[in-house]
Structure formats: structure tokens, C-alpha cells
Amino acid sequence: MKIRDGFILRKVGTQYVVAATGKASENFNGMMRLNESGAFAFRLLQEGITEEALVRRIVGEYEVGEEAARSDVRRFLGRLQEANALE
């Protein structure tokens, strides 16, 4: 799974935001606010990563339980799919 070209992550003050640029903005013309773990996941998705590998990286980085991480990752991926941000 990978973030579609044209979606960028920026830190604005203490928050992270994702916006679509260029052709990607034809299908998504808003912004998503992310927390630190969302920005971490977004960066990994920019490189390309499976859902299972993403869950393992979240568990390792944030010391959360696997089931909680899996639920959060699925919810996050759902938001990205709604924004047409995933290839």
C-alpha cells in the first residue's frame, strides 16, 4: 500500500497536515490533520508498506497493543481511502 502522488505531509506549528496538490487535488480538495502517530504512519505509507507491517511498526514505535494498533491503522487507512490518497 502506498500514498498516491500529489499528497504531501507538512508540519504546521505543532500539528501535521496532509494536502493534495496537482492532479490529486481534483479528487480531494481539503486537508487532513494528523497527530504524531498519524504522521509516522503516513511517512511509512509514502515509502510503501503492507497493512500488517504498518501495524508492527506502530506497535514497536509507540508501545501499544497489537489489537489497538490494528484498529487504529484500519481506521486511518479508511480515511485515506475516502480521500483517494492510496494507490
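Note that the structure is predicted; figures quoted are calculated from it, not measured.
Clustering ILVMFWY residues whenever any of their side-chain heavy atoms sit less than 4.5 angstrom apart, transitively, puts L80 in a cluster other than the one holding V17. Under the 4.5 Å side-chain heavy-atom criterion for grouping Ile, Leu, Val, Met, Phe, Trp and Tyr, M1 is connected to L54 within one hydrophobic cluster. Under a hydrophobic clustering in which Ile, Leu, Val, Met, Phe, Trp and Tyr are joined whenever their side-chain heavy atoms come within less than 4.5 Å, directly or via other members, L44 and L77 fall into the same cluster. Note: the hydrophobic cluster containing M31 also contains V12 (ILVMFWY, side chain heavy atoms under 4.5 Å, direct or indirect links). Both V55 and Y62 sit in one connected hydrophobic cluster of ILVMFWY residues. Membership requires side-chain heavy atoms under 4.5 Å apart, directly or through other members.
Of all heavy-atom pairs spanning A41 and F76, the tightest one is CB-CE2, 3.8 Å. Across all non-hydrogen atoms, the minimal contact from V59 to A69 is CG2-CB, 3.7 Å.
Contact of the F7 side chain with the T21 side chain is not registered, since no non-hydrogen atoms from C-beta on lie closer than 4.5 Å. Side chains of K2 and I49 form no contact here, defined as non-hydrogen atoms less than 4.5 Å apart.
Within a 6.0 Å sphere centred on CD of E63, heavy atoms belonging to other residues, nucleotides or ligands number 12 at most.
Checked by atom type and distance alone, the side chain of S25 never pairs as donor or acceptor with a backbone atom of F28 at under 3.5 Å.
Salt bridge annotation for E51-R70: absent, with no cationic side-chain nitrogen under 4.0 angstrom from a carboxylate oxygen. The pair R56-E66 fails the salt-bridge criterion, with no side-chain N (NZ, NE, NH1 or NH2) lying under 4.0 Å from an Asp/Glu carboxylate O. Classification of R43 and E47 as a salt-bridged pair fails, no side-chain N sitting under 4.0 Å from a carboxylate O.
Taken to the nearest 0.5 Å, the CG atom of L9 stands 12.5 Å off from the CZ atom of F40. The CD atom of Q46 sits 14.0 Å away from atom CZ of R4, with the distance rounded to the nearest 0.5 Å.
Between Y16 and F42, a ring centre-to-centre spacing not shorter than 6.0 Å is recorded.
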Task: Working for side chain to side chain contact (heavy atoms under 4.5 Å, CB included), residues V73 and I58 - done: CA-CA 9 Å; V73 164; I58 296 277; 4.2 Å; yes
